[in-house]
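First comes the structure, then the notes that go with it.
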Amino acid sequence: RLGVQFRVAKERLRSKLGTLMTRILLIEDNDINRDLISRYLEHFGFEVKTAADGLEGLSKARIDRGSIDVAVSDLSLPGIDGWELARRLK
C-alpha cells in the first residue's frame, strides 16, 4: 500500500512540475529507521543522502544546496531538532 502511495505521489509531482524531484536528504537518528527508509526510497527511484542528526543534516544541506530537492527529517533529533532544522533551512 505504501509503495502505491509513493508511485502516485511521484506521478503527481511529475505532472505538476514537469520534472521529478529525485534527490532527498533524509535526517534520522535511528540507524535502523534511516537504513529502512533510505532503502525504501531508493527502491522507488529516489537518490538519498542521509544524516544521523540535525547538525549533520544542516551541514549536508548547505554543502549540497544545489543538489538536494527535498529534506525529510525526524522531528526529535540530537543536536538540533527537526523544527529548528526546518527553520534554518528556510
Where is the tightest heavy-atom contact between [X] and [Y], given as atom of each residue plus distance?
| X | Y | answer |
| --- | --- | --- |
| Gly82 | Ser73 | CA-OG, 3.8 Å |
| Arg34 | Ala51 | CD-O, 3.6 Å |
| Gly57 | Leu85 | C-CD1, 4.3 Å |
| Ile27 | Ala71 | CD1-CB, 4.2 Å |

Could you see if [X] belongs to whatever hydrophobic cluster contains [Y]? Use Ile, Leu, Val, Met, Phe, Trp, Tyr and a side-chain cutoff under 4.5 Å.
| X | Y | answer |
| --- | --- | --- |
| Leu55 | Leu89 | yes |
| Phe46 | Ile37 | yes |
| Ile68 | Leu41 | no |
| Leu26 | Tyr40 | yes |
| Leu25 | Ile80 | yes |

Just by modelled atom types, is the Arg23 backbone N or O under 3.5 Å from a matching donor or acceptor in the Asp69 side chain?
->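 Judged by distance alone, yes, a pair lies under 3.5 Å.
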Donor-acceptor pair, side chain of Asp64 and main chain of Ser67, under 3.5 angstrom =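 A pair under 3.5 Å: no.
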Roughly how far, to the nearest 0.5 Å, is the [atom2] atom of [Y] from the [atom1] atom of [X]?
| X | Y | atom1 | atom2 | answer |
| --- | --- | --- | --- | --- |
| Asn30 | Asp74 | CG | CG | 8.5 Å |
| Ser38 | Ile24 | OG | CD1 | 10.0 Å |
| Asp53 | Asp81 | CG | CG | 12.0 Å |

What pairs with Arg88 under salt bridge (charged side-chain N to carboxylate O under 4.0 Å, His left out), at least two apart in sequence or on another chain?
->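 Arg88 satisfies salt bridge (charged side-chain N to carboxylate O under 4.0 Å, His left out) with Glu84 once adjacent residues are dropped.
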